[in-house]
**Student:** 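Once you've had a glance at the structure underneath, I'll fire off some questions.
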Amino acid sequence: MLLEGLNFAGKSTTATRLTALLRARGTEVHSRHCYVCDTEGTQTLQLRAKSSIGGSTGRPFPDPDLLRPFNAMKSAQMLIDSELATDSVYTAGPEGPVLVPEGPVLVPEGPVLVPEGPVLVPEGPVLVPEGPVLVQDRHWFTQYCNNGFFNPGEGYLSDSWVLTCAPRFTVQVYLTCSPAERERRAGRRDGDAHGLNAYLRANPKGLAALDTFCIERIVDDPSWIVLATDDLSQDEIAAHLLGLFDARHNAVRG
């Protein structure tokens, strides 16, 4: 399961709840953040990317120069990690088999913004639950959007790479919320883990524009679910996604 979204959308909390629910029923779960394969290279790129954004007070939004080092290093991390993931315990088969079975998307009831219709199966490595279940808190999609929003035309993660190489998960969800709800959640959190978080928190209108930009990339793609979390508790969100995961998992297994 892949959880994508911007700051204060509920990704990390939802990932924690999903992991707990799966483990409570005896499922082996691996919970990952930002990258799938924990290697010295992915760790180093993560640390260097986070440290690349210093003080941003008074900087414009978007600011290509401010985000360029971060986006370059995070994109390099995604290229390496996605290639490593093709040979991980999470990948079903060396040839990249189907993401989910053909047929209509099985969506539980709730405020899911996704068109009905058959599932489009992209090319590239596909992560399905044949071994331990992977709960992934952010991976390639948000970074792909960051590149296009802040540094358009610089080609860090190309469209062709996304089509042929970006990992695909059994469930791919983009969590979002209204600007007012995002501001409320931000007010309940003290401090920022790194410079990018501080920059985004200081620019709520820009963050809302980035969120819209991300949603526009996938709103018509039935392999993705856009889930508004404003009126849902964390338990409701986790149960909702777990229901979808179970439906797709069972269909894949026949």
**Student:** Can you find a pair of side-chain heavy atoms, one from Cys165 and one from Ser82, that are under 4.5 Å apart?
**Tutor:** no

**Student:** Which heavy atom of Tyr35 sits nearest a heavy atom of Gln43, and at what distance?
**Tutor:** OH-CG, 3.4 Å

**Student:** Let me check something: do Met78 and Phe70 share a hydrophobic cluster, defined by ILVMFWY side-chain heavy atoms less than 4.5 Å apart, either directly or through other members?
**Tutor:** yes

**Student:** Quick check for you: to the nearest 0.5 Å, what is the distance between Thr142 atom OG1 and His139 atom NE2?
**Tutor:** 11.0 Å

**Student:** Can you run down the salt bridge (Lys or Arg N to Asp or Glu O under 4.0 Å) pairs that involve residues 53-63, sequence neighbours left out, and say none if there aren't any?
**Tutor:** Arg59-Asp63

**Student:** For the atom pair CG (Leu2) and CD1 (Ile225), what is the distance rounded to the nearest 0.5 Å?
**Tutor:** 11.0 Å

**Student:** Evaluate whether atom CD of Gln46 has more than 12 neighbouring non-hydrogen atoms of other residues, nucleotides or ligands under 6.0 angstrom away.
**Tutor:** yes

**Student:** Same cluster or not: Val162 versus Val36, using hydrophobic residues (I, L, V, M, F, W, Y) connected whenever any side-chain heavy atoms lie under 4.5 Å apart?
**Tutor:** yes

**Student:** Hey, does Leu175 have a side-chain heavy atom less than 4.5 Å from the side chain of Thr14?
**Tutor:** yes

**Student:** Does Gly41 offer a backbone N or O that forms a donor-acceptor pair with the side chain of Thr44 under 3.5 Å?
**Tutor:** no

**Student:** Are Ile237 and Phe8 connected in a single hydrophobic cluster, I mean Ile/Leu/Val/Met/Phe/Trp/Tyr linked by side-chain heavy atoms less than 4.5 Å apart?
**Tutor:** no

**Student:** Testing Tyr174, Phe150, Phe149 one by one against Phe213 for a ring pair (Phe, Tyr, Trp, His ring centres under 6.0 Å), which residue passes?
**Tutor:** Phe149

**Student:** Who pairs with Thr27 by side-chain hydrogen bond (donor to acceptor under 3.5 Å, both in side chains), at least two apart in sequence or on another chain?
**Tutor:** none

**Student:** For Glu4 and Gln172, what are the C-alpha separation, side-chain angles and deciding distance, and is it a side-chain contact (heavy atoms from CB on, under 4.5 Å)?
**Tutor:** CA-CA 8 Å; Glu4 293 275 10; Gln172 303 180 141; over 6 Å; no

**Student:** With rounding to the nearest 0.5 angstrom, report the CG to CZ distance, Leu196 to Arg201.
**Tutor:** 12.0 Å

**Student:** Kindly indicate whether the side chain of Val89, heavy atoms from C-beta on, has any atom under 4.5 Å from the side chain of Pro132.
**Tutor:** yes

**Student:** After noting the C-alpha distance and the side-chain angles of Asn146 and Tyr156, does the key distance pass the side chain to side chain donor-acceptor pair (under 3.5 Å) rule?
**Tutor:** CA-CA 10 Å; Asn146 279 349; Tyr156 295 125; over 6 Å; no

**Student:** To the nearest 0.5 angstrom, please state how far the CG atom of Asp211 sits from the CG atom of Asn7.
**Tutor:** 10.0 Å

**Student:** Measure across Arg168 and Leu163 and return the closest heavy-atom pair with its distance rounded to 0.1 Å.
**Tutor:** NH2-CA, 4.2 Å

**Student:** Tell me, which pairs form a salt bridge (Lys or Arg N to Asp or Glu O under 4.0 Å) where one or both residues lie in residues 21-37, sequence neighbours left out?
**Tutor:** Arg25-Asp246

**Student:** To the nearest 0.5 Å, how far apart are CZ in Phe169 and CZ in Arg248?
**Tutor:** 13.5 Å

**Student:** Dump the intermediate steps for side-chain contact (heavy atoms from CB on, under 4.5 Å) on Met1 and Val173, then the final yes or no.
**Tutor:** CA-CA 8 Å; Met1 285 185 277; Val173 60; over 6 Å; no

**Student:** Let me know which of Glu236, Gln234, Glu181, Arg185 forms a side chain to side chain donor-acceptor pair (under 3.5 Å) with Thr229.
**Tutor:** Arg185

**Student:** Hey, mind stepping through Leu200 and Leu6 against side-chain contact (heavy atoms from CB on, under 4.5 Å) and telling me if it holds?
**Tutor:** CA-CA 9 Å; Leu200 295 175; Leu6 302 182; 5.8 Å; no

**Student:** Have Ser223 and Asp221 got a donor and an acceptor in their side chains that come within less than 3.5 Å?
**Tutor:** yes

**Student:** Taking Arg138 for its side chain and Gly5 for its backbone only, find out whether a donor-acceptor pair lies under 3.5 Å.
**Tutor:** yes

**Student:** In the single-linkage hydrophobic clustering (I, L, V, M, F, W, Y; side-chain heavy atoms under 4.5 Å), do Met73 and Leu67 co-cluster?
**Tutor:** no

**Student:** Please report the shortest heavy-atom distance between Ser75 and Asn147, naming the atom on each side.
**Tutor:** OG-ND2, 2.9 Å

**Student:** Check side-chain hydrogen bond (donor to acceptor under 3.5 Å, both in side chains) between Tyr199 and all other residues, then give those that pass, not counting sequence neighbours.
**Tutor:** none

**Student:** Write down the atom of Leu21, the atom of Ala238, and the distance for their closest heavy-atom approach.
**Tutor:** CD1-CB, 3.8 Å

**Student:** Determine the minimum heavy-atom distance between Gln136 and His33, stating which atoms define it.
**Tutor:** NE2-C, 3.9 Å

**Student:** Count I, L, V, M, F, W, Y as connected when their side-chain heavy atoms are under 4.5 Å apart, and connections chain through other members. Are Tyr90 and Trp140 then in the same cluster?
**Tutor:** yes

**Student:** Does anything in residues 70-89 form a salt bridge (Lys or Arg N to Asp or Glu O under 4.0 Å)? List the pairs, not counting sequence neighbours.
**Tutor:** none

**Student:** For the atom pair CD1 (Ile80) and OG1 (Thr42), what is the distance rounded to the nearest 0.5 Å?
**Tutor:** 8.0 Å

**Student:** Are side-chain heavy atoms of Tyr144 and Trp161 found at a separation under 4.5 Å?
**Tutor:** no

**Student:** Could you tell me whether the side chain of Leu232 reaches within less than 4.5 Å of the side chain of Leu227, counting heavy atoms only?
**Tutor:** yes

**Student:** Set out, in order, the CA-CA distance, both residues' side-chain angles and the distance that settles side-chain contact (heavy atoms from CB on, under 4.5 Å) for Leu18 and Leu3, then state yes or no.
**Tutor:** CA-CA 11 Å; Leu18 281 169; Leu3 306 176; 4.1 Å; yes

**Student:** Could you pull out all residues at least two apart from Arg217 that satisfy salt bridge (Lys or Arg N to Asp or Glu O under 4.0 Å)?
**Tutor:** none

**Student:** How far apart are the closest heavy atoms of Arg182 and Thr176, and which atoms are they?
**Tutor:** NH2-OG1, 3.9 Å

**Student:** With no hydrogens and no angle check, is any side-chain donor or acceptor of Thr212 less than 3.5 Å from a backbone partner on Ala208?
**Tutor:** yes

**Student:** Centres of the Trp224 and Phe141 rings: under 6.0 Å?
**Tutor:** yes

